[in-house]
There are 2 protein chains.
Amino acid sequence: MMTRRKQLSEAMKASIRDAAAALFAEKGYPSVTMREIAKAAGCSHTAIYLYYNSKEELLQQIAIPSLLQLEQRLLELRGRREAVPEDRLLAVCEQYVVFCLTSGSLQTVLFMSGSVRVDDPSPELEVNVIRIRLFTHISQMLHETVTGASEAPDRESAAAIDNGRMLFYYLQGFISTYTGHLEPTAELLERTLPILRQGILTLVRGMKQN
Amino acid sequence: MMTRRKQLSEAMKASIRDAAAALFAEKGYPSVTMREIAKAAGCSHTAIYLYYNSKEELLQQIAIPSLLQLEQRLLELRGRREAVPEDRLLAVCEQYVVFCLTSGSLQTVLFMSGSVRVDDPSPELEVNVIRIRLFTHISQMLHETVTGASEAPDRESAAAIDNGRMLFYYLQGFISTYTGHLEPTAELLERTLPILRQGILTLVRGMKQN
DNA sequence: CGTCACAGTAACCATCGGTTATTCTGTGAC
DNA sequence: GTCACAGAATAACCGATGGTTACTGTGACG
């Protein structure tokens, strides 16, 4: 059966994954060493390479599930039709930003290093596929908020895409400004989230005037 | 006099500075090694530490002059009173963004890694002092554009600062999105500068409505 | 000419991500 | 029970990094 062996092996792999996820979130991807992960997972650093081919692949494997989880949360927020579009957009943007900041430069590193255009038709990394979907969700919500239409445009107008890009630049700037700060994230968010919201509303106000 | 010795020494220091500047601009700060710089400068990698305490300090020393040059260009653009405030603001923002993108992740690394708040009252690194001045210049121009006042507010209102932050997030997002892209910078700028301008104008429009 | 300060370096250190040769250990067949 | 084998895990190692230290070589100057 080989069951006990496989079981232990699976447990080791999971232990490595969890330890790495916690460390990446806590200290940021570049600052975490393979030996550190190994110690936290209870194995030698070479054992990690039995399950993951490289540090980068380990990051990807960890990032994908939590990215999908983020997407689910965004979709759930988007579906709350009892709230006005503006509030839904704010909630979604906030969720996105908080996610990027609390995952301790994990996602940011991913997004930065990808060097993939958000409108790239054939991205190679799965993480970028998900990212583009996130961009689409937020863009469509923005379009609804700006035009007042309750549905996404059947054919994505150029203006809608441009508006989405502007909002994304803004969010990305907010995130990259505060990524890697030493200040505790909770404190940081309390201090800066009002400005984030204000900026989004300012952008939306400006877009509505077109 | 010790002149000949000092002369050679100065030449060495300059050689290191120039070699490092070229390499940083070409390959990006993290990818350049001290040994690489040393080889290009014609010395041993340990010699670099006679003139600069660390790789980070070397980067700072290189960055400061070009940052000051950027500041001069911004001030010059700001002083062109024959143009409407909106156009001056656009020109300054564009200059700032182009500078960051064309210096090949040099300045961006600086700004990112500094982890210094733009409103930090006592920044330790000189590069951050300059950065905060740049922020102030652009913020004041933004304030003039939004309020129509021809002079900066004597006492910086909280609203003016918040508006400045929003614009800076936007610019920073634009920059960080396209930093490290493989696409030639000129081509990239031609494709993306219109959206940059449009976003700035959208923000300004939204701010005017307050 | 001797000596002294200092530019410059070779050898070294700890650490990194990653590879390889080896050891250890459950498992299944006899 | 025991023996051979597959595969999990590791110790030792590799080349590289940023940085330190103990030393050398050479201009400057009394």
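Every chain is numbered from 1, with letters handed out A, B, ... down the list of sequences. Excluded from the calculations below are hydrogen atoms, water molecules and symmetry mates; all remaining heavy atoms, backbone and side chain alike, are included.
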Starting from [atom2] on [N], measure out to [atom1] on [X] and report it in whole angstrom.
X: A/Glu57; N: C/dG17; atom1: CD; atom2: C1'; result: 14 Å
X: B/Lys6; N: C/dC6; atom1: NZ; atom2: P; result: 8 Å
X: A/Leu50; N: C/dT22; atom1: CG; atom2: C1'; result: 14 Å
X: A/Tyr49; N: D/dA8; atom1: OH; atom2: P; result: 18 Å

>> Quick check on contacts: within residues 10-20 of chain B, what sits under 4.0 Å from DNA chain D by heavy-atom distance?
In response: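 Listed by number, there are none.
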Report all interatomic pairs (protein N or O, nucleotide N or O of nucleotides 23-27 of chain D) with separations under 3.5 Å.
none

So, for [X] and [Y], which heavy atoms are closest and what is the spacing to 0.1 Å?
X: A/Ile48; Y: A/Ala38; answer: CD1-N, 3.9 Å
X: B/Ile195; Y: A/Met166; answer: CG2-CG, 4.3 Å
X: B/Leu77; Y: B/Val92; answer: CB-CG2, 3.8 Å

>> Show me the dot-bracket string of DNA chain D, counting Watson-Crick or G-U pairs under 3.5 Å, with | for pairs to another strand and [ ] for crossing ones.
In response: ||||||||||||||||||||||||||||||
> Ring centres of A/Phe168 and A/Tyr96 under 6.0 Å apart?
Replying inline: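 Yes.
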> So, B/Phe174 versus B/Tyr178, ring centres under 6.0 angstrom or not?
Replying inline: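 Distance test on ring centres: under 6.0 Å, yes.
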> Which residues pass the side chain to side chain contact (heavy atoms under 4.5 Å, CB included) test with A/Ala14, sequence neighbours left out?
Replying inline: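 Result, side chain to side chain contact (heavy atoms under 4.5 Å, CB included) vs A/Ala14: A/Arg17.
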>> Tell me every residue that passes side chain to side chain contact (heavy atoms under 4.5 Å, CB included) with B/Thr46, counting only those two or more places apart in sequence or in another chain.
In response: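 Result, side chain to side chain contact (heavy atoms under 4.5 Å, CB included) vs B/Thr46: B/Ser44.
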> Between B/Leu89 and B/Cys93, is any pair of side-chain heavy atoms under 4.5 Å apart?
Replying inline: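 They are in side-chain contact.
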> Is there a side-chain contact between A/Phe99 and A/Gln95, using heavy atoms and a 4.5 Å cut-off?
Replying inline: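 Answer no - side chains too far apart.
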> In residues 33-41 of chain A, what residues come within less than 4.0 Å of DNA chain C, judged by heavy atoms?
Replying inline: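 Contacts with DNA chain C under 4.0 Å: A/Thr33, A/Met34, A/Arg35.
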> Honestly, is A/Lys55 close enough over A/Phe24, meaning NZ or CZ under 6.0 Å from the six-membered ring centre and within 45° of the axis?
Replying inline: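 Ring-cation test returns no.
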> So which one's nearest nucleotide on DNA chain C is more toward 5', B/Tyr51 or B/His45?
Replying inline: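 Between the two, 5'-proximity favours B/Tyr51.
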> Is any NZ, NE, NH1 or NH2 atom of the basic residue among A/Glu76 and A/Arg80 found under 4.0 Å from an Asp or Glu carboxylate oxygen of the other?
Replying inline: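 Answer for the salt bridge query: yes.
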>> Run B/Glu10 and B/Lys6 through salt bridge (charged side-chain N to carboxylate O under 4.0 Å, His left out) and show every step you take.
In response: CA-CA 6 Å; B/Glu10 290 290 322; B/Lys6 272 253 157 78; over 6 Å; no
>> Taking B/Ala41's backbone N and O only, do any of them form a donor-acceptor pair with B/Ser15's side chain (distance below 3.5 Å, no angle check)?
In response: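 It does hold such a pair.
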